[in-house]
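Working notes, structure below.
The first residue in the sequence is number 1, and the count goes up from there. Just so we're clear, the structure is a prediction, and the values are computed from it rather than from any experiment.
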Amino acid sequence: MLLGLLLVLQTLLFAQDTLPAPTTYTVNKVSFNMIRVEKGGFWMGAQRKDTAEFNYDRAALIDELPVHHVTIRDDFYIGQTEVTQKLWKEVMGYNPSRYKCPKRPVTNVNYYEVQEFLRRLDSITGMQFRLPTEEEWEYAARGGMNTHGYLYSGGNEVDRVAWHNGNARKTKKVKKRTVNELGIYDMSGNVWEWCSTKYRFYDKERNTNLGKDGDMYIIRGGGWQLPPTSCRVSWRGKRLPDLKNSFGGFRLCLDARYVKEEEKEAPEMILQEKE
């Protein structure tokens, strides 16, 4: 039994050593990490009819159908964690979150406020940060080209990878659950995350009568006030852009072409606010 435990620990340590090295940016004294995600293809969505087919999930919902193949054509970077209250306050000058703690995700921010944050962050860093598309989000949550096909981001046991309404009563500090195959934290649970994609069904036939749903933006990942099923990598939520609450936040994304070679080689590079 002891030998088996040692082998498991050795495997986990090896996995950590082989994770992609993050690229670190610093706004004044607040640092945040971005993880490179290599381009590739994956099967998006989920279905609950055939265990032998791609992405079987007995909790799959109607708007997760049909399972379809998506190609991510360019490398991109995604936040290792959700944007924290500390980073938001450094950029915006205030903290809107209900459960205040510098290391917890920022919450109570709507889509428009997130866009203003991105504009200010770009002005400080000289970069072009954005929200991930829905496709990029699911691809990264599944582990990109390193995927193990987990139900949740980082594993099949929800309590090991996610904060949800069965094990949390408020937001939690980032990096307290198991990472996924790319070294990304909390893509399942803690707070749901804005995407840049407007809500649509995957099949065009159902999009003819969307109504107000067509004005909503996709949210992903579930959250501490939502059930464990919302933490699945294929789960899709939708919110009007002016909505904000205590279990919604976001994660940064960045096109790989904007990251200079010297930044990749020196991930601790500091970007200071322009005078």
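- Residues P228 and V158 are in side-chain contact: their nearest non-hydrogen atoms beyond the backbone lie under 4.5 Å apart.
- Applying the side chain to side chain contact (heavy atoms under 4.5 Å, CB included) test to D255 and every residue at least two apart in sequence or in another chain returns R130, R257, Y258.
- In this structure Y112 satisfies the ring pair (Phe, Tyr, Trp, His ring centres under 6.0 Å) test with no other residue, sequence neighbours excluded.
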task: Apply the test salt bridge (Lys or Arg N to Asp or Glu O under 4.0 Å) to residues R177 and D186: give CA-CA distance (whole Å), side-chain angles for both, the deciding distance (0.1 Å), then the verdict.
output: CA-CA 7 Å; R177 301 282 88 175; D186 299 313; over 6 Å; no

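- With sequence neighbours excluded, the residues forming a salt bridge (Lys or Arg N to Asp or Glu O under 4.0 Å) with E193 are R251, listed by chain and number.
- Y139 places a side-chain heavy atom less than 4.5 Å from the side chain of F76.
- For the residue pair S153 / S188, no side-chain donor-acceptor distance below 3.5 Å is found, with atom types taken as modelled.
- A distance of 5.0 Å separates CH2 of W192 from CD1 of I219, quoted to the nearest 0.5 Å.
- Between the side chains of N33 and Q80, at least one donor-acceptor pair of N or O atoms lies under 3.5 Å.
- Looking only at distances, no side-chain donor or acceptor of E53 sits under 3.5 Å from a matching main-chain atom of D50.
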message: Determine whether Y199 and D63 satisfy the following criterion, side-chain contact (heavy atoms from CB on, under 4.5 Å), listing intermediate values before the conclusion.
response: CA-CA 10 Å; Y199 180 79; D63 67 351; 3.1 Å; yes

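- Taking both residues in full, the closest heavy atoms of N108 and E113 are given as O-OE1, 3.8 Å, listed atom of the first, atom of the second, then distance.
- Using a 4.5 Å heavy-atom threshold, the side chains of T24 and F32 count as separate.
- E90 and N28 share a side-chain donor-acceptor pair at under 3.5 Å.
- Here ring-ring contact (aromatic ring centres under 6.0 Å, His included) pairs that include residues 206-228, with residues two or more places apart or in two chains, are Y99-W224, Y111-Y217.
- Cluster partners of F54, using a side-chain heavy-atom cutoff of under 4.5 Å among ILVMFWY residues and allowing indirect links, are W43, V67.
- Aromatic ring centres of F129 and Y77: separated by at least 6.0 Å.
- Residue Y185 holds its OH atom at 9.0 Å from OG1 of T178, rounded to the nearest 0.5 Å.
- Separation of atoms CD (E135) and OG (S196) is listed at 8.5 Å; rounding is to 0.5 Å.
- Under a hydrophobic clustering in which Ile, Leu, Val, Met, Phe, Trp and Tyr are joined whenever their side-chain heavy atoms come within less than 4.5 Å, directly or via other members, V70 and F201 fall into different clusters.
- Between W88 and Y94, the ring-plane angle classifies as perpendicular under the 30° and 60° cut-offs.
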- request: For the pair R200 and L210, evaluate side-chain contact (heavy atoms from CB on, under 4.5 Å) and give the outcome as yes or no after the intermediate values.
  value: CA-CA 8 Å; R200 295 291 187 273; L210 275 176; 3.3 Å; yes

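- Judged purely by atom type and a 3.5 angstrom limit, R160 has no side-chain atom pairing as donor or acceptor with the backbone of N156.
- D74 places no side-chain N or O within donor-acceptor distance of the main-chain N or O of A256, the cut-off being under 3.5 Å.
- L252 CG to L118 CG: the interatomic distance, rounded to the nearest 0.5 Å, is 6.5 Å.
- Applying the salt bridge (Lys or Arg N to Asp or Glu O under 4.0 Å) test to residues at least two apart or on different chains, none of the pairs has a partner in residues 94-112.
- Put simply, Y25 and V174 are part of two different groups of oily side chains (I, L, V, M, F, W, Y) that touch within less than 4.5 Å, one to the next.
- Looking at every heavy atom in both residues, W194 comes nearest to P132 through O-CD, 4.3 Å.
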task: Could you give me the CA-CA distance, side-chain angles and deciding distance for L131 and V114, then say whether side-chain contact (heavy atoms from CB on, under 4.5 Å) is met?
output: CA-CA 9 Å; L131 289 174; V114 170; 3.8 Å; yes

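- Closest approach of P105 to T171, counting heavy atoms only: CD-CB, 4.4 Å.
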query: Which is it for K172 and V191 under the side-chain contact (heavy atoms from CB on, under 4.5 Å) test, yes or no, and what are the steps along the way?
result: CA-CA 9 Å; K172 300 290 186 177; V191 298; over 6 Å; no

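- Under a hydrophobic clustering in which Ile, Leu, Val, Met, Phe, Trp and Tyr are joined whenever their side-chain heavy atoms come within less than 4.5 Å, directly or via other members, Y202 and V233 fall into different clusters.
- Not counting sequence neighbours, T208 has no partner by the side chain to side chain contact (heavy atoms under 4.5 Å, CB included) test.
- Here the side chain of T71 pairs no donor or acceptor atom with the backbone of R73 at under 3.5 angstrom.
- Residues M44 and L182 fall within the same hydrophobic cluster, defined by Ile, Leu, Val, Met, Phe, Trp and Tyr side chains chained together at heavy-atom separations under 4.5 Å.
- L151 and I184 fall into different hydrophobic clusters, where Ile, Leu, Val, Met, Phe, Trp and Tyr are joined by side-chain heavy atoms under 4.5 Å apart, directly or via other members.
- Side chain of N190 to backbone of K175: no donor-acceptor contact under 3.5 angstrom is found.
- Annotation: side chain to side chain contact (heavy atoms under 4.5 Å, CB included) contacts of S97 (sequence neighbours excluded): Q85, N95, V106, T107.
- A donor-acceptor contact shorter than 3.5 Å links the side chain of E181 to the backbone of H148.
- With T147 contributing its side chain and G144 its backbone, the two residues share no donor-acceptor pair below 3.5 Å.
- In terms of modelled atom types and a separation under 3.5 Å, the side chain of N110 and the main chain of L243 share no donor-acceptor contact.
- Residues satisfying the salt bridge (Lys or Arg N to Asp or Glu O under 4.0 Å) test with D159, not counting sequence neighbours, are none.
- By the side chain to side chain contact (heavy atoms under 4.5 Å, CB included) test, P102 is found to be paired with K86, residues two or more places apart in sequence or in another chain being considered.
- With contacts defined as side-chain heavy-atom distances shorter than 4.5 Å, the pair T197/W137 does not qualify.
- Within the 4.5 Å cutoff, no side-chain heavy atoms of D122 are placed close to those of I124.
- One distance of note links NZ of K198 with CG of D215; it measures 5.5 Å at 0.5 Å rounding.
- Remark: C253 SG to I78 CD1 distance equals 5.5 Å, nearest 0.5 Å.
- Remark: side-chain polar atoms of T84 are paired, donor with acceptor, to backbone N or O of L87 under 3.5 angstrom.
- Side chain of N146 to backbone of G143: no donor-acceptor contact under 3.5 angstrom is found.
- Shown here for G45 and R142, the closest heavy-atom pair between the two residues is O-NH2, 3.1 Å.
- Using a 4.5 Å cut-off on side-chain heavy atoms (C-beta onward), W163 and K176 make contact.
- Annotation: side chain of F42 is in contact with side chain of E138 (closest heavy-atom distance under 4.5 Å).
- Remark: E116 pairs with R119, R120 by the salt bridge (Lys or Arg N to Asp or Glu O under 4.0 Å) rule, at least two apart or across chains.
- Contact annotation: the side chain of V109 never approaches that of K244 to less than 4.5 Å [non-hydrogen atoms, C-beta and beyond].
- The salt bridge (Lys or Arg N to Asp or Glu O under 4.0 Å) analysis of residues 223-232, with sequence neighbours excluded, yields the pairs D57-R232, E64-R232.
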